[in-house]
Protein chains: 2
Amino acid sequence: MMQTSATAERDAPSVRQQAVLDAVLGLMVEDGEQLTMDAVARRASCSKETLYKWFGDRDGLLTATVRWQASRVHAGSDAAHVLDGATLRERLQDFAVTWLEVITGPTSVALNRIAIAHAGSRKSNLGGIVLANGRFAIGERVKPVLEAGRAAGLLAFADSEAAFRTFFGLVGRDIQIRLLLGETLDFDGAEIRRDAGRAVEQFLALYGRATTDPNHHV
Amino acid sequence: MMQTSATAERDAPSVRQQAVLDAVLGLMVEDGEQLTMDAVARRASCSKETLYKWFGDRDGLLTATVRWQASRVHAGSDAAHVLDGATLRERLQDFAVTWLEVITGPTSVALNRIAIAHAGSRKSNLGGIVLANGRFAIGERVKPVLEAGRAAGLLAFADSEAAFRTFFGLVGRDIQIRLLLGETLDFDGAEIRRDAGRAVEQFLALYGRATTDPNHHV
DNA sequence: CGCGTACCGTACGGTACGGTACGCCATTCG
DNA sequence: CGAATGGCGTACCGTACCGTACGGTACGCG
């Protein structure tokens, strides 16, 4: 018995399959309750049998969807090993803005809701995937910047993981849990930038050595 | 047709009803998946008919359970309007420890999972109840302390809500989302106290005016 | 003693949903 | 042009679970 496409395992989804996964995301965002296989098939204009052939079962479909969404977030590889104070501040600000934009987006909220609901049971750890591509992915990207900042004498900390976690807390605060619990906070870009700026300033106040260069404007 | 007990609405649950709600909590913690009315009836040694008579429907039972758990958390009313640096630090430390103990507890994790899963749909906002008794309740208790600290010249901030949210972020960081997503972090009391202490120090570093009294030991 | 009340245990109906089977059409390839 | 393949639509099955109905029992009260 050859599986026509073992997409459920690891392969990148085909274009048609991506359309299906986008349909799943759409349904998640609209109403996480009626995320049924029939609804997905209807929305994606495909048959349920195809869904099962491609993704195995419902969990496989959800897992593929989470992976698909995760694969979109990755972007912007990093360079610039030499840091001055302004650049460090700028990089941190970028991370904070990006992170806030992600977690306040309806897709992230819906996806995290599904993953958290699933985390109660044991099978198919969506939570692990979301964590790996969210919290941990951003951590692995921020920590080198922090360490570069330390190497440049701009930051002082012993444990980069601990430093990142503080940064994480200063940026996110109570926003994610409030959104997940159903509160409707509306963030425009200006608000996010303001929040991110405050978080970066606070982080630098806690961990900055030279209080960043004095001739820093705006 | 008189309802024998309109408990579903607002009254405090009877002792027998509390036992039922504790059974629900037990099932939530053990395995949020099989939280079925049959399972609750079996666990609580009562009939399903009684469940429906007392709580109306499944959502009513869940809502009553969330309220019941929420009613337990409230404790320790506050006094001490005059603050010195050591007392302020101690109060904040207490709040941080209490909060960390709550959110890392299995009951809180299970309850938040249920509420978040429910927050996707519209009906019966468990999320609102959890927010009101968790995030917002602790906020309303911390803010007066912060304001007293400001009145005593120990803290400097414009918006007590914003100051509290920073405190919240410094204390919780990524802990809650990681737990909700299924990661198994084990915190003992020592770890929690260490974390709380770090958060308080960082908060005071950001918002403290006089760096708290110099002859503060321990 | 007999009756009502409250509750337990359980069986049942209705329904929603995951998963499967099958008929049909379109495209492609020999 | 005929056959095969892939996929859509749909009907169908089994099951899980919500909500209800019903029989049986213990207890209080006239």
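Naming convention: chains lettered A, B, ... in sequence-line order (proteins, then strands); numbering from 1 in each chain.
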When rounded to whole Å, the CH2 to P distance for the pair A:Trp54 and D:dG6 reads 12 Å
Grab the CD-P distance between A:Glu49 and C:dC25 for me, whole Å please. 17 Å
What pair of heavy atoms forms the shortest contact from B:Val109 to B:Ile103, and how long is it? CG2-O, 3.7 Å
Below 4.0 angstrom, which residues in residues 18-30 of chain B have at least one non-hydrogen atom near DNA chain C? none
Quick one, A:Asn112 with A:Ser108, criterion side chain to side chain donor-acceptor pair (under 3.5 Å). Give me CA distance, side-chain angles, the key distance, then yes/no. CA-CA 6 Å; A:Asn112 274 276; A:Ser108 167; 3.2 Å; yes
Pairs meeting criterion ring pair (Phe, Tyr, Trp, His ring centres under 6.0 Å) with involvement of residues 96-125 of chain B, two or more places apart: B:Trp99-B:Phe168
Would the distance check show the side chain of B:Arg150 and the main-chain N or O of B:Phe157 forming a donor-acceptor pair, the cut-off being under 3.5 Å? yes
Please check: side-chain N/O of A:Thr87 versus main-chain N/O of A:Leu83, any donor-acceptor pairing under 3.5 Å? no
Among residues 111-119 of chain B, which residues get a heavy atom nearer than 4.0 Å to DNA chain D? none
CA sep, side-chain torsions, deciding dist, call: A:Leu131, B:Arg178, side-chain contact (heavy atoms from CB on, under 4.5 Å): CA-CA 7 Å; A:Leu131 264 182; B:Arg178 286 169 74 174; 3.8 Å; yes
Rounded to the nearest 0.5 angstrom, the CZ-CD1 distance for A:Phe167 and A:Ile138 is 8.0 Å
Checking contacts here: which listed nucleotide (C:dA21, C:dC8, C:dC7) is nearest the side-chain heavy atoms of B:Lys53? C:dC7
Measuring to OP1 and OP2 of D:dC8, would you say a side-chain N or O of A:Arg16 lies under 4.0 angstrom away? yes
Is the phosphate of C:dC8, meaning OP1 or OP2, less than 4.0 Å from a side-chain N or O of B:Thr50? yes
Dump every N/O contact between nucleotides 14-18 of chain C and the protein below 3.5 Å, one line per pair.
| unit_1 | atom_1 | unit_2 | atom_2 | d |
| --- | --- | --- | --- | --- |
| C:dG18 | OP1 | A:Arg58 | NE | 2.8 |
| C:dG18 | OP2 | A:Thr36 | OG1 | 2.7 |
| C:dG18 | OP2 | A:Met37 | N | 2.9 |

Heavy-atom check, side chain of B:Leu25 versus side chain of B:Trp68, under 4.5 Å: yes
So which pairs with a foot in residues 128-137 of chain A pass salt bridge (Lys or Arg N to Asp or Glu O under 4.0 Å), sequence neighbours left out? A:Arg135-A:Glu161, A:Arg135-B:Asp174
A:Asp22: salt bridge (Lys or Arg N to Asp or Glu O under 4.0 Å) partners, not counting sequence neighbours: A:Arg72
Test salt bridge (Lys or Arg N to Asp or Glu O under 4.0 Å) applied to B:Glu201 and B:Arg198, step by step: CA-CA 5 Å; B:Glu201 293 310 317; B:Arg198 171 207 44 79; over 6 Å; no
